[in-house]
Amino acid sequence: LMLEIYFPIWFSLSPWLLVVLMAHAFIVLGKLEHTGLLLFSERKRSHAIVQNSFDGIFTASVDGVIESLNPTAEKLFGIRREQARGNAISMLIPELLPDSTLVQRMMQNEVVESVGVRNGQNRFPIELTMTEMSQHDHGLLVYSTRDISLRKQQEAEIRFKDFHDGLTRLPNRKSLN
């Protein structure tokens with residue numbers, strides 16, 4: 001009788017209609033739970049991809065403060081994520097200032113070359129891309145980078161061989177023009 005005071009509509013509905021409504025509620029709740037599981041699964045998959053990427057991936061706020069690094073970025077820059085978090089992004093890439101032309105080029109989906117800093121002192125050439133996204137109430141910049149030292153070294157060797165004799169290593173005719 002007490003339930004009739006709080007839920008009068010339940011007692012005025014036919015039992016079959018009540019069963020149908022309850023079944024529908026369970027279906028909706030089941031779909032919500034399934035959607036939640038899918039979102040959780042997608043989040044887990046995205047996390048696994050980022051954590052196991054060959055590229056160094058790090059995030060920063062739009063004002064240039066580092067928020068996170070994946071394990072590859074930690075190795076690439078020689079710094080732990082705990083040490084990097086909260087510092088300026090210029091700590092990793094000195095040319096990367098919030099209003100720099102480098103950032104403007106990346107905003108246009110351009111892959112750019114720059115210089116990274118490993119262990120706070122050793123500079124090395126990198127290739128860099130950036131994607132902007134929003135997270136909750138603030139903007140987030142996601143950077144993907146890789147060390148291109150080997151490629152740069154190989155390019156320099158090819159240029160040298162193009163303009164120097166292979167046996168004597170002296171300049172050839174192409175270098176005279």
For side-chain contact (heavy atoms from CB on, under 4.5 Å), just list the numbers for Met130 and Leu96, CA-CA rounded to whole Å, side-chain angles, deciding distance to a tenth of an Å, and then say yes or no.
CA-CA 11 Å; Met130 180 193 67; Leu96 198 56; over 6 Å; no
Rounded to the nearest 0.5 Å, how far apart are CZ of Phe58 and CD of Glu74?
13.0 Å
Examine Phe124 and Ile89 and state if one hydrophobic cluster contains both, with Ile, Leu, Val, Met, Phe, Trp and Tyr joined whenever side-chain heavy atoms are less than 4.5 Å apart.
yes
Output the distance between atom CD (Glu95) and atom CG (Leu92), rounded to the nearest 0.5 Å.
13.0 Å
Examine Ile126 and Leu102 and state if one hydrophobic cluster contains both, with Ile, Leu, Val, Met, Phe, Trp and Tyr joined whenever side-chain heavy atoms are less than 4.5 Å apart.
yes
Taking atom OG of Ser114 and atom CE of Met106, what is their separation to the nearest 0.5 Å?
8.0 Å
Atom CG in Asp147, atom CG in Asp55: separation rounded to 0.5 Å?
11.0 Å
So, does Gln83 use its side chain to make a donor-acceptor pair with the main chain of Arg80 at under 3.5 Å?
yes
Are any of the side-chain heavy atoms of Leu141 and Glu132 separated by less than 4.5 Å?
yes
Taking atom NE2 of His164 and atom CD of Glu157, what is their separation to the nearest 0.5 Å?
13.0 Å
Is the closest side-chain donor-acceptor distance between Glu67 and Thr59 under 3.5 Å?
no
Please find the pair of heavy atoms, one from Pro94 and one from Val115, that lie closest to each other, and give the distance.
CD-O, 3.5 Å
side-chain contact (heavy atoms from CB on, under 4.5 Å) between Arg118 and Leu76: does it pass, once the steps are laid out?
CA-CA 7 Å; Arg118 185 175 291 122; Leu76 186 66; 4.1 Å; yes
Should Leu128 and Val117 be counted in the same cluster of Ile, Leu, Val, Met, Phe, Trp and Tyr side chains packed under 4.5 Å apart?
no
Output the distance between atom OH (Tyr143) and atom OG1 (Thr129), rounded to the nearest 0.5 Å.
10.5 Å
Between Arg81 and Ser68, does the side-chain contact (heavy atoms from CB on, under 4.5 Å) criterion hold? Intermediate values first, please.
CA-CA 6 Å; Arg81 70 187 70 164; Ser68 66; over 6 Å; no
Got a salt bridge between Glu113 and Arg151, using NZ or NE/NH1/NH2 to carboxylate O under 4.0 Å?
yes
Look at the side-chain heavy atoms of Ile, Leu, Val, Met, Phe, Trp and Tyr, link any pair under 4.5 Å apart, and say whether Val112 and Val62 land in one connected group.
yes
Under 4.5 Å between side-chain heavy atoms, counting indirect links through other Ile/Leu/Val/Met/Phe/Trp/Tyr residues: same cluster for Ile57 and Met133 or not?
yes
Going through the checks in order, is the side-chain contact (heavy atoms from CB on, under 4.5 Å) test met by Arg169 and Asp165?
CA-CA 5 Å; Arg169 302 183 65 78; Asp165 180 73; over 6 Å; no
